[in-house]
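The residues of the chain are indexed from 1 along the displayed sequence.
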Amino acid sequence: MQTIVIQKNDAGQRLDKFLTKTFRNLPVSMMYKYIRQKDIKRNGKRCTIADRLCEGDVLTLYIKDEFLIQAPTVHDFMSASRKLDIVYEDEHVLLLNKKAGLLCHPDDREFGDTLIGRVQRYLFEKGQYDPDAENSFAPALVNRIDRNTCGIVIAAKTAEALRVLNQKLRDRELHKYYLCLVHGTPSPASATLTAYLEKNEDQNRVYISQKPQAGARSIATRYTVLESRNGLSLLEIELLTGRTHQIRAHLASIGHPLLGDGKYGTNALNKGTGFSKQALCSYKLTFDFTTPAGELAYLNQKSFSITDVPFLQAFYGEK
């Protein structure tokens, strides 16, 4: 038998969602069987898979030990670097300036040092995150950007903040702005581009078309040319939809690939420029809530930006 007291970060979840995240060795079919047979009880009473958990609830589980996962004594995030460039922090959220070259999440080649690993280590060492005291929650990134793109990434410190921000991102109540350098000068000077984007997982790239295609998703990218010089243009981009490689592929599709982008641009254009990574930075974030935001309501109408955009010095010829 095992008992679990529901903490603040666990509250609000359906019982089945909580159990699948907490006990990863527990097959879903067995979970349903245990609930049906009253081997899993909530506050000593029969429960259903759709029950919403409340802070302070006590779950009693009469299930086989082999299905119970113990918290690890060694935490993976402790292998991550301590380096973090914090743009803003409060008790609920972190805004981080991710550097180009750093992954947001682990992949099959890099597991130890990622942005989420650095965030979790930072909060653990600060005493704001204790994995051994959590049943199912870990601090998480709300958005992510490509490895070789720099700029603002949002991290949620609490389950409620993560829930709210995921909803705001999904409903486009967060406005994300980018700066980038492109080859040539787009015309007109300002426009909203629309198209369809299809992702090819095997190639790790996307394809843009002007007509609907099977498996393709609609995209919208708003750009403004801020300045042009020496065959390059500095653009501000508002990302109206957030698809994989959207900015890079969309601008390349109209004949203006990003400086340094070897995937959607060409080596001939980038040769001799000194840029081996795309000149793209998520430099500004604005919270524009039109629906209730709970404990994050204080962020409404606030904007955050970074000024140390690495490619601007090269564009303006500054030493």
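- Residues Tyr207 and Tyr196 do not share a hydrophobic cluster, clusters being chains of Ile/Leu/Val/Met/Phe/Trp/Tyr side chains in contact below 4.5 Å.
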- Please report the C-alpha distance between Ile35 and Arg46 in whole Å, then the side-chain angles of each, then the deciding distance to 0.1 Å, and finally whether the side chain to side chain contact (heavy atoms under 4.5 Å, CB included) criterion is met. CA-CA 8 Å; Ile35 292 174; Arg46 183 171 187 167; over 6 Å; no

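- Between the side chains of Asp113 and Ser81, no donor N or O sits under 3.5 Å from an acceptor N or O.
- Within the model, atoms NZ of Lys302 and CG of Leu95 stand 10.5 Å from one another, a figure rounded to the nearest 0.5 Å.
- For the 3.5 Å distance criterion, the side chains of Gln278 and Thr149 qualify, holding a donor opposite an acceptor.
- In this structure, Arg121 and Arg118 have side chains that are not in contact, with every pair of non-hydrogen atoms separated by 4.5 Å or more.
- Using a 4.5 Å heavy-atom cutoff, the side chains of Met78 and Phe124 are in contact.
- A side-chain donor-acceptor contact under 3.5 Å links His250 and Thr221.
- The two residues His245 and Asn204 have their closest heavy-atom pair at CE1-O, 3.5 Å.
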- Task: Step by step, work out the side chain to side chain donor-acceptor pair (under 3.5 Å) result for Thr158 and Asn9.
- Result: CA-CA 6 Å; Thr158 67; Asn9 282 328; 4.8 Å; no

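- With hydrogens and angles left out, the side-chain atoms of Ser209 and Glu198 include no donor and acceptor closer than 3.5 Å.
- The closest donor-acceptor contact from the side chain of His183 to the backbone of Pro257 lies at 3.5 Å or more, if one exists at all.
- Minimum interatomic distance between Phe275 and Ala314 (heavy atoms only, all atoms of both residues): CZ-CB, 3.8 Å.
- Counting non-hydrogen atoms of other residues, nucleotides and ligands closer than 6.0 Å to OH of Tyr298 gives a total above 12.
- A donor-acceptor pair is defined here as one N or O able to donate and one able to accept, closer than 3.5 Å; no such pair exists between the side chain of Lys33 and the backbone of Val28.
- By the 4.5 Å heavy-atom criterion applied to side chains, Asp51 and Phe18 are not counted as neighbours.
- Checked by atom type and distance alone, the side chain of Arg36 never pairs as donor or acceptor with a backbone atom of Thr48 at under 3.5 Å.
- For the pair Arg82 and Tyr122, the NZ or CZ position fails the cation-pi test of under 6.0 Å to the six-membered ring centre and within 45 degrees of the ring normal.
- With respect to Asp16 and Arg14, a salt bridge is recorded, a charged nitrogen being found less than 4.0 Å from a carboxylate O.
- Residues Tyr283 and Val153 fall into different hydrophobic clusters, defined by Ile, Leu, Val, Met, Phe, Trp and Tyr side chains chained together at heavy-atom separations under 4.5 Å.
- Under the 4.5 Å side-chain criterion, counting only non-hydrogen atoms from C-beta, Ile63 is in contact with Ile40.
- For Lys157 (side chain) and Ala161 (main-chain N/O), no donor-acceptor pair under 3.5 Å exists by modelled atom type.
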- Message: Assess the residue pair Leu94 and Ile154 against the criterion (side chain to side chain contact (heavy atoms under 4.5 Å, CB included)); give the C-alpha distance rounded to whole Å, side-chain angles, the decisive distance to 0.1 Å, and a yes or no.
- Response: CA-CA 6 Å; Leu94 272 168; Ile154 313 167; over 6 Å; no

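- Tracing side-chain contacts under 4.5 Å through hydrophobic residues (I, L, V, M, F, W, Y), one never reaches Leu179 starting from Leu235; they form parts of separate clusters.
- A donor-acceptor pair shorter than 3.5 Å cannot be found between the side chains of Gln7 and Asn135.
- Contact check on Asp146 versus Arg248 returns a salt bridge, with a Lys/Arg side-chain nitrogen under 4.0 Å from an Asp/Glu carboxylate oxygen.
- No continuous path of ILVMFWY side-chain contacts below 4.5 Å connects Leu165 to Leu239, so the two sit in separate hydrophobic clusters.
- The aromatic rings of Phe77 and His75 lie parallel to each other, with less than 30° between the two planes, well short of the 60° mark.
- If you check the side chains of Ser228 and Thr185, you find a donor sitting under 3.5 Å from an acceptor.
- Here the NZ-OG1 distance, from Lys199 to Thr244, works out to 3.5 Å after rounding to the nearest 0.5 Å.
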- side chain to side chain contact (heavy atoms under 4.5 Å, CB included) between Ser233 and Glu227: does it pass, once the steps are laid out? CA-CA 6 Å; Ser233 294; Glu227 191 170 344; over 6 Å; no

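- Among Ile237, Leu169, Ile152, the one residue that satisfies the side-chain contact (heavy atoms from CB on, under 4.5 Å) test with Lys176 is Leu169.
- Counted within 6.0 Å of CG on Asp107, heavy atoms from surrounding residues, nucleotides or ligands total more than 12; the atom is thus considered enclosed.
- Looking only at distances, a side-chain donor or acceptor of Ser190 sits under 3.5 Å from a matching main-chain atom of Tyr223.
- Here CG of Asn148 is found 7.5 Å from OG of Ser276. Values are rounded to the nearest 0.5 Å.
- One finds no salt bridge joining Glu236 and Arg222 here, because no Lys/Arg side-chain nitrogen approaches an Asp/Glu carboxylate oxygen to under 4.0 Å.
- Side-chain contact, Tyr32 with Gln37: no donor N or O sits under 3.5 Å from an acceptor N or O.
- Closest heavy-atom contact between Ile116 and Pro106: CG2-CD, 4.1 Å.
- Between Leu232 and Val182 there is no side-chain heavy-atom pair separated by less than 4.5 Å.
- One finds the SG atom of Cys180 at 10.0 Å from the CG atom of Leu259 (value rounded to the nearest 0.5 Å).
- Between the side chains of Asp90 and Tyr88, at least one donor N or O sits under 3.5 Å from an acceptor N or O.
- Inter-residue side-chain proximity for Leu162 and Phe137 is flagged as met; some heavy-atom pair is nearer than 4.5 Å.
- Atom CD of residue Glu55 and atom CG of residue Asp10 lie 9.0 Å apart, to the nearest 0.5 angstrom.
- Between Gln301 and Asp288, the shortest heavy-atom distance links the atoms NE2-OD1, 2.9 Å.
- In this structure, Leu96 and Ala155 approach most closely via the heavy-atom pair CD1-CB, 4.2 Å.
- Atom CZ of Arg144 sits in a sparse spot, with 12 or fewer heavy atoms from other residues, nucleotides or ligands closer than 6.0 Å.
- Within 6.0 Å of atom CG in Asn200, more than 12 heavy atoms from other residues, nucleotides or ligands are found, so the atom counts as buried in its surroundings.
- Judged by distance alone, with hydrogens and angles left aside, the side-chain atoms of Thr20 form a donor-acceptor pair with the main-chain N or O of Lys17 at under 3.5 Å.
- Here the side chains of Leu59 and Thr3 are not in contact, with every heavy-atom distance at 4.5 Å or above.
- Classification of Glu134 and Lys21 as a salt-bridged pair fails, no side-chain N sitting under 4.0 Å from a carboxylate O.
- For Gln120 (side chain) and Pro139 (main-chain N/O), a donor-acceptor pair under 3.5 Å exists by modelled atom type.
- Closest non-hydrogen pair, Asn300 versus Phe289, comes out as OD1-N, 2.7 Å.
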- Message: Run Thr291 and Gln167 through side chain to side chain contact (heavy atoms under 4.5 Å, CB included) and show every step you take.
- Response: CA-CA 10 Å; Thr291 57; Gln167 178 258 312; 3.2 Å; yes

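- Cluster membership for Ile4 and Val58, using ILVMFWY side-chain heavy atoms within less than 4.5 angstrom, is not shared.
- Counted by atom type alone, Thr273 and Asn270 present zero donor-acceptor pairs between their side chains at under 3.5 Å.
- Not one N or O on the side chain of Asp171 forms a donor-acceptor pair closer than 3.5 Å with the backbone of Glu173.
- To the nearest 0.5 angstrom, Lys284 atom NZ is 13.0 Å from Phe304 atom CZ.
- Within the 4.5 Å cutoff, side-chain heavy atoms of His256 are placed close to those of Pro186.
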